[in-house]
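In what follows, a structure is listed as structure tokens, so that the remarks can point back to it.
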Amino acid sequence: MKSTLICLIILFAALSAEGQVALDWSDLERGISWRKSNAHTTIPGFLEADFSDKLTNLEGKKISLVGYLLILDANQSVFMLSKNPMASCFFCGNGGPETVSEISFTQKNKFVMDDLILVTGILRLNGKDPTRCYYHIENAEGFGM
């Protein structure tokens with residue numbers, strides 16, 4: 001356990017040196033607020049998001065985030081990163097939609113469901129599209145923990 005913590009500290013320090021901003025789930029949880037949508041959406045009751053200045057300033061920039069990989073289709077082509085493993089993710093009532101992020105990997109990966117991974121990529125914020133997550137990491141690369 002102690003060696004894992006030391007490895008994480010070294011990894012985050014290395015990522016910061018490369019110009020990436022290391023986020024954690026509390027940044028995403030505190031950095032969003034919701035308001036009822038005024039527009040007619042395909043999903044009744046959809047809440048539009050407003051993002052903190054910190055997250056807005058990171059839009060389009062390279063970030064890193066550690067979480068559990070969720071694979072959402074049989075072809076293993078739709079991925080999310082979650083604060084919690086699948087058995088306790090927000091779909092099952094543990095947290096809200098701010099505890100997951102879509103991931104678009106640059107390459108096919110060998111991770112499996114619930115692997116704890118570090119993801120780096122470009123942060124995109126979604127406040128208006130009810131068919132997508134509020135957070136999306138594009139051009140993502142994953143690293144096993």
Side-chain angles (χ1 to χ4, degrees), residues 4-5 7-9 11-145:
T4 302
L5 181 60
C7 289
L8 282 174
I9 291 169
L11 185 58
F12 280 121
L15 290 175
S16 296
E18 292 180 13
Q20 298 171 17
V21 175
L23 294 177
D24 68 31
W25 291 104
S26 64
D27 294 320
L28 301 183
E29 291 167 356
R30 286 190 309 259
I32 191 169
S33 60
W34 291 276
R35 60 183 150 50
K36 192 146 182 111
S37 175
N38 293 329
H40 296 287
T41 65
T42 56
I43 301 175
F46 171 72
L47 299 176
E48 291 185 2
D50 291 315
F51 299 99
S52 68
D53 289 342
K54 177 180 180 174
L55 291 180
T56 302
N57 290 333
L58 290 174
E59 167 86 24
K61 295 191 175 137
K62 196 165 189 177
I63 59 99
S64 63
L65 184 64
V66 173
Y68 294 91
L69 182 70
L70 305 182
I71 303 170
L72 301 181
D73 72 332
N75 296 326
Q76 297 194 10
S77 62
V78 179
F79 303 97
M80 293 176 86
L81 191 68
S82 175
K83 176 182 176 181
N84 301 304
M86 183 61 140
S88 62
C89 76
F90 94 95
F91 298 112
C92 301
N94 193 2
E98 71 282 2
T99 63
V100 294
S101 174
E102 287 180 65
I103 309 170
S104 297
F105 285 109
T106 56
Q107 303 176 30
K108 186 165 177 60
N109 62 70
K110 296 180 182 184
F111 301 117
V112 297
M113 180 73 82
D114 284 341
D115 274 354
L116 183 63
I117 62 172
L118 170 77
V119 173
T120 64
I122 305 300
L123 177 66
R124 297 292 178 204
L125 305 175
N126 169 37
K128 297 188 184 294
D129 183 352
T131 65
R132 307 292 302 265
C133 287
Y134 291 106
Y135 300 113
H136 186 183
I137 303 172
E138 295 179 341
N139 301 324
E141 294 182 79
F143 304 92
M145 301 295 294

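For clarity, every value in this text was computed on a predicted model and none was experimentally measured. Keep in mind that the numbers below use all heavy atoms, side chains included, and drop hydrogens, waters and symmetry copies.
The shortest side-chain heavy-atom distance between L69 and V119 does not fall under the 4.5 Å cut-off. When side chains are defined from C-beta on, L58 does not count as touching F51, because their heavy atoms never get closer than 4.5 Å. Annotation: side chain of L72 is in contact with side chain of M80 (closest heavy-atom distance under 4.5 Å). Put simply, the side chain of M113 reaches to within 4.5 Å of the side chain of L70, judged on heavy atoms. Residues F143 and T120 form a side-chain contact, since some pair of their non-hydrogen atoms from C-beta on lies under 4.5 Å apart. At least one side-chain heavy atom of I32 sits under 4.5 Å from a side-chain heavy atom of Y135.
For F79, the ring-ring contact (aromatic ring centres under 6.0 Å, His included) criterion is met by F105, not counting sequence neighbours. Annotation: side chain to side chain donor-acceptor pair (under 3.5 Å) contacts of T56 (sequence neighbours excluded): none. Every side chain to side chain donor-acceptor pair (under 3.5 Å) that D50 has, sequence neighbours left out, goes to R35. With sequence neighbours excluded, no residue forms a ring-ring contact (aromatic ring centres under 6.0 Å, His included) with Y68. Residues satisfying the side chain to side chain donor-acceptor pair (under 3.5 Å) criterion with E138, sequence neighbours excluded, are R124.
Taking both residues in full, the closest heavy atoms of K61 and N57 are given as NZ-O, 3.0 Å, listed atom of the first, atom of the second, then distance. Looking at every heavy atom in both residues, L123 comes nearest to L55 through CD2-O, 4.3 Å. Counting all heavy atoms, side chain and backbone alike, G121 lies closest to I137 at CA-CG2, 3.6 Å. Of all heavy-atom pairs spanning C133 and E102, the tightest one is N-OE2, 2.8 Å. Nearest heavy atom pair, residue A140 against residue I103, reads CB-CG2, 3.5 Å.
Separating the CD atom in E48 from the OG atom in S33 is a distance of 11.5 Å, to the nearest 0.5 Å. The line from CD of E59 to CD1 of I122 is 10.0 Å long, rounded to the nearest 0.5 Å.
Remark: the backbone N or O of F111 is paired with a side-chain donor or acceptor of N109 at under 3.5 angstrom. D114 places no side-chain N or O within 3.5 Å of a backbone atom of P85 that could act as its donor or acceptor partner.
At a cut-off of 3.5 Å, with distance as the only test, a side-chain donor of T131 or D129 sits close to an acceptor on the other residue.
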Just list the side-chain donor-acceptor pairs under 3.5 Å for residues 23-30, sequence neighbours left out, or say none.
residue: D24; atom: OD1; partner: S26; partner atom: N; Å: 2.9
residue: D24; atom: OD1; partner: S26; partner atom: OG; Å: 2.4
residue: D24; atom: OD1; partner: D27; partner atom: N; Å: 3.2
residue: W25; atom: NE1; partner: V66; partner atom: O; Å: 2.7
residue: D27; atom: OD1; partner: K54; partner atom: NZ; Å: 3.1
residue: D27; atom: OD2; partner: D24; partner atom: N; Å: 2.9
residue: E29; atom: OE2; partner: K83; partner atom: NZ; Å: 2.8

